[in-house]
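Numbers for residues simply follow the sequence, beginning at 1.
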Amino acid sequence: MIPEFHYHVNWRSPGVHPGHHRSARQGGGYEFAGHTLLTSNPDPRNLDIRATLHDPFEQLMVRTFRQRSAIPVYVVADLSASMGFRGTRSKTELLAEFTSSVAYTAYRTGDFFGFIGCDSTILQDMLLPLRWHKGAAPELLENLKNLRPRGRSSDGLNEVVPYLGKRKALVFLVSDFHLTLDRLDTLLKALVRHDVVPVVLWNSAEFDRLPSWGLVNFEDPETGARRRLLMRPALREKISASFEKRREELGQICALHGREPFFLIDRFDPDELTRYFYRT
């Protein structure tokens with residue numbers, strides 16, 4: 001069963017399609033927007049007698065309302081080789097679970113959903129065009145579960161802006177974020193038009209479940225570089241501290257660009273993601 005969460009945005013949707021979110025457009029909603037002439041909005045059901053009596057030109061006035069509108073929702077996923085890490089759980093399996101949940105939740109909310117996968121470039125076979133997808137979640141789940149990332153970089157993230165369209169969208173940017181802070185800053189600046197939720201996908205085996213003693217082989221999946229280290233308590237603590245420092249740095253830089261990151265480590269808790277939205 002695909003897990004579902006709840007999300008909301010604090011901006012008004014410019015979309016014309018009716019939906020769940022606050023809108024900048026007038027229509028058949030319940031949010032009062034103001035008054036206008038009956039000749040401009042010929043709906044006598046919304047006639048406002050008090051506003052009519054106060055009009056200096058004695059013209060008939062009606063109430064206007066804002067409709068609720070749908071928004072675009074995207075998952076932009078880093079599919080470079082580092083996302084193929086397998087520890088306590090495969091990162092691609094966790095990505096699949098998260099993405100299918102976003103797709104299903106968008107469908108249930110009445111929003112449009114799209115998916116963009118990248119490694120060193122945009123992966124054309126991992127594109128799902130923006131539309132109202134009823135059956136996208138199970139298909140995405142299978143495709144991502146079977147994926148074996150091999151890309152040597154995540155440079156394709158820099159190419160996603162034209163694929164997101166001109167309308168403001170809610171964008172879940174999913175990556176392990178093993179990129180320089182300067183490059184992350186540039187990426188978030190390029191996405192400034194949109195409401196970006198950085199989703200940091202880590203595996204505790206990378207930093208927390210290391211042995212206290214023994215020889216450990218480390219490999220950079222994107223460069224292929226290998227290194228054997230003698231693990232000891234001091235080195236184990238140093239690696240753990242570096243991840244904690246990285247967590248703080250990601251929190252600071254992402255908050256400067258709109259939202260704090262959501263950390264997805266080992267398992268996806270939809271209730272925790274719901275709480276994330278209602279506390280930010």
Side-chain angles (χ1 to χ4, degrees), residues 1-9 20 71-109 111-119 123 126 128 133-149 154 157 169-179 184 194-209 221 243-244 246-247 250-251 254-255 258-280:
M1 191 170 179
I2 298 174
E4 185 180 357
F5 62 94
H6 299 282
Y7 60 86
H8 78 98
V9 296
H20 177 75
I71 64 171
V73 178
Y74 286 93
V75 169
V76 175
D78 170 9
L79 300 179
S80 61
S82 64
M83 291 291 285
F85 181 85
R86 291 175 175 270
T88 55
R89 189 181 181 191
S90 165
K91 283 186 179 180
T92 51
E93 286 185 6
L94 187 55
L95 170 64
E97 181 182 346
F98 175 80
T99 301
S100 60
S101 176
V102 176
Y104 181 65
T105 301
Y107 159 69
R108 293 268 292 169
T109 307
D111 290 330
F112 306 101
F113 175 78
F115 179 83
I116 305 171
C118 320
D119 50 23
L123 298 175
M126 295 302 295
L128 189 66
H133 290 282
K134 184 176 182 179
E139 184 179 352
L140 268 178
L141 185 64
E142 288 305 312
N143 289 344
L144 289 171
K145 273 186 175 180
N146 297 326
L147 182 70
R148 296 293 180 266
S154 57
L157 293 175
L170 178 63
V171 178
F172 293 90
L173 179 62
V174 188
S175 173
D176 51 19
F177 288 91
H178 293 328
L179 63 163
L184 176 58
H194 304 287
D195 186 355
V196 179
V197 178
V199 179
V200 184
L201 200 160
W202 283 352
N203 193 301
S204 61
E206 296 178 282
F207 59 91
D208 188 48
R209 301 193 178 189
F243 268 84
E244 189 59 37
R246 181 68 171 179
R247 182 171 185 144
L250 290 174
C254 291
R259 285 188 184 270
E260 294 182 353
F262 176 75
F263 285 87
L264 189 59
I265 303 176
D266 292 346
R267 59 183 292 271
F268 171 51
D269 182 350
D271 293 334
E272 183 60 33
L273 186 53
T274 297
R275 288 190 287 271
Y276 167 89
F277 275 102
Y278 283 90
R279 70 171 178 258
T280 57

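- L147 is linked by a side-chain contact (heavy atoms from CB on, under 4.5 Å) to L79, L144, P149, counting only residues two or more places apart in sequence or in another chain.
- Ring-plane geometry between W202 and H178 is classed as parallel, the angle between the planes falling under 30 degrees on a 0 to 90 degree scale with a further cut at 60.
- Scanning for ring-ring contact (aromatic ring centres under 6.0 Å, His included) contacts around F85 gives an empty result, with sequence neighbours left out.
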> Can you check side chain to side chain contact (heavy atoms under 4.5 Å, CB included) on V196 and R259, steps first, answer last?
Replying inline: CA-CA 7 Å; V196 179; R259 285 188 184 270; over 6 Å; no
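- Residue F113 holds its CZ atom at 6.0 Å from CG of L128, rounded to the nearest 0.5 Å.
- With sequence neighbours excluded, the residues that form a side chain to side chain donor-acceptor pair (under 3.5 Å) with R108 are E4.
- Closest heavy-atom contact between S154 and D78: CB-OD1, 3.4 Å.
- In this view, L94 and R89, E97, L201, L264, F268 satisfy the side-chain contact (heavy atoms from CB on, under 4.5 Å) rule, not counting sequence neighbours.
- Exactly one of Y276, F98, F177, F263 qualifies for a side chain to side chain contact (heavy atoms under 4.5 Å, CB included) with V199. That residue is F98.
- Screening L170, L173, V171 against V197 for a side chain to side chain contact (heavy atoms under 4.5 Å, CB included) leaves a single residue, L170.
- Between V76 and C118 the shortest heavy-atom distance is CG1-SG, 4.5 Å.
- Atoms CZ and SG, from F262 and C254 in turn, are 13.5 Å apart once rounded to the nearest 0.5 Å.
- To the nearest 0.5 Å, atoms CE (M83) and CG (L95) are separated by 5.0 Å.
- Residues meeting the side chain to side chain donor-acceptor pair (under 3.5 Å) test with N143, sequence neighbours left out: none.
- Distance OH/Y74 to OG1/T99: 15.0 Å, rounded to 0.5 Å.
- Residues that satisfy the salt bridge (charged side-chain N to carboxylate O under 4.0 Å, His left out) test with E244, not counting sequence neighbours, are absent from this structure.
- Scored by the side-chain contact (heavy atoms from CB on, under 4.5 Å) test, D119 finds S80, T121, L123 as partners (sequence neighbours excluded).
- We find the CD-CZ distance between E260 and R279 to be 7.5 Å, quoted to the nearest 0.5 Å.
- Going from atom CD1 of I265 over to atom CG of N203 covers 9.0 Å, rounded to the nearest 0.5 Å.
- Considering only residues two or more places apart in sequence or on other chains, N146 meets the side-chain contact (heavy atoms from CB on, under 4.5 Å) condition with E142.
- Here Y7 pairs with D111 under the side chain to side chain donor-acceptor pair (under 3.5 Å) rule; sequence neighbours left out.
- Using bins of under 30°, 30° to 60° and over 60° for the plane-to-plane angle, the ring pair F5/F277 lands in the parallel bin.
- Legend: residues meeting side chain to side chain donor-acceptor pair (under 3.5 Å) with T109, ordered by chain and number and at least two apart, are absent.
- Closest heavy-atom contact between V200 and P261: CG2-CB, 3.8 Å.
- One N or O on the side chain of H194 and one on the backbone of A169 form a donor-acceptor pair closer than 3.5 Å.
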